[in-house]
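One-based numbering along the sequence shown. Any value given below was found using the heavy atoms of this structure, including those in side chains, with hydrogens, waters and symmetry copies removed.
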Amino acid sequence: MSQVVATMAGNVWKIVVDIHDHVEDGQDVVILESMKMEIPIAAEAAGTVKEIKVKEGDFVNEGDVLIELE
C-alpha cells in the first residue's frame, strides 16, 4: 500500500479521484491551494484509491496523508 502525502501546507481545493479509481504513477489526485496558487499533488505509484483521508476545504500540513492506494 502506498500513500499520497501533501508536499506543502495548504487548503484542499479539489479532489480529482474517487474511491476505487485506478491511478497511474505521476497522475494528479489532489489540488491544494496556497497563497492563491493551485498546486497539483500527484501519486508517486500506480494503484487503486482505497481511502481518501481529506475533504475539499480541509487544511493540511506538509507530510499529511491525503490518499491511500492499494
Go through it in stages, so that I can follow the logic: the residues are I19 and I52, the test is side chain to side chain contact (heavy atoms under 4.5 Å, CB included), and I'd like the CA-CA distance, side-chain angles, deciding distance and then a yes or no.
CA-CA 7 Å; I19 298 290; I52 299 173; 4.0 Å; yes
Sequence-distant partners of V16, side-chain contact (heavy atoms from CB on, under 4.5 Å), two or more places apart:
K14, I31
Check step by step if side chain to side chain contact (heavy atoms under 4.5 Å, CB included) holds for I41 and D28.
CA-CA 5 Å; I41 306 298; D28 292 344; over 6 Å; no
What pairs with D58 under side chain to side chain donor-acceptor pair (under 3.5 Å), at least two apart in sequence or on another chain?
K55
With sequence neighbours excluded, what pairs up with S34 under the side-chain contact (heavy atoms from CB on, under 4.5 Å) test?
M8, I39
List in chain and number order the residues that pass side-chain contact (heavy atoms from CB on, under 4.5 Å) with N61, two or more places apart in sequence or in another chain; answer none if no residue qualifies.
A9, F59, D64
Sequence neighbours excluded, the answer for side chain to side chain donor-acceptor pair (under 3.5 Å) partners of E24 is H22
What's the verdict on side chain to side chain contact (heavy atoms under 4.5 Å, CB included) for V30 and I67, showing C-alpha distance, side-chain angles and the deciding distance?
CA-CA 9 Å; V30 174; I67 292 177; 3.7 Å; yes
Can you name the residues that form a side-chain contact (heavy atoms from CB on, under 4.5 Å) with M35, not counting sequence neighbours?
none
Apply salt bridge (charged side-chain N to carboxylate O under 4.0 Å, His left out) to E51 and list each qualifying residue two or more places apart in sequence or on a separate chain.
K53
Assess the residue pair V12 and L32 against the criterion (side chain to side chain contact (heavy atoms under 4.5 Å, CB included)); give the C-alpha distance rounded to whole Å, side-chain angles, the decisive distance to 0.1 Å, and a yes or no.
CA-CA 5 Å; V12 177; L32 298 181; 4.0 Å; yes
Could you list the cluster mates of V65? Members are the ILVMFWY residues connected by side-chain heavy atoms closer than 4.5 Å, either directly or through other members.
V5
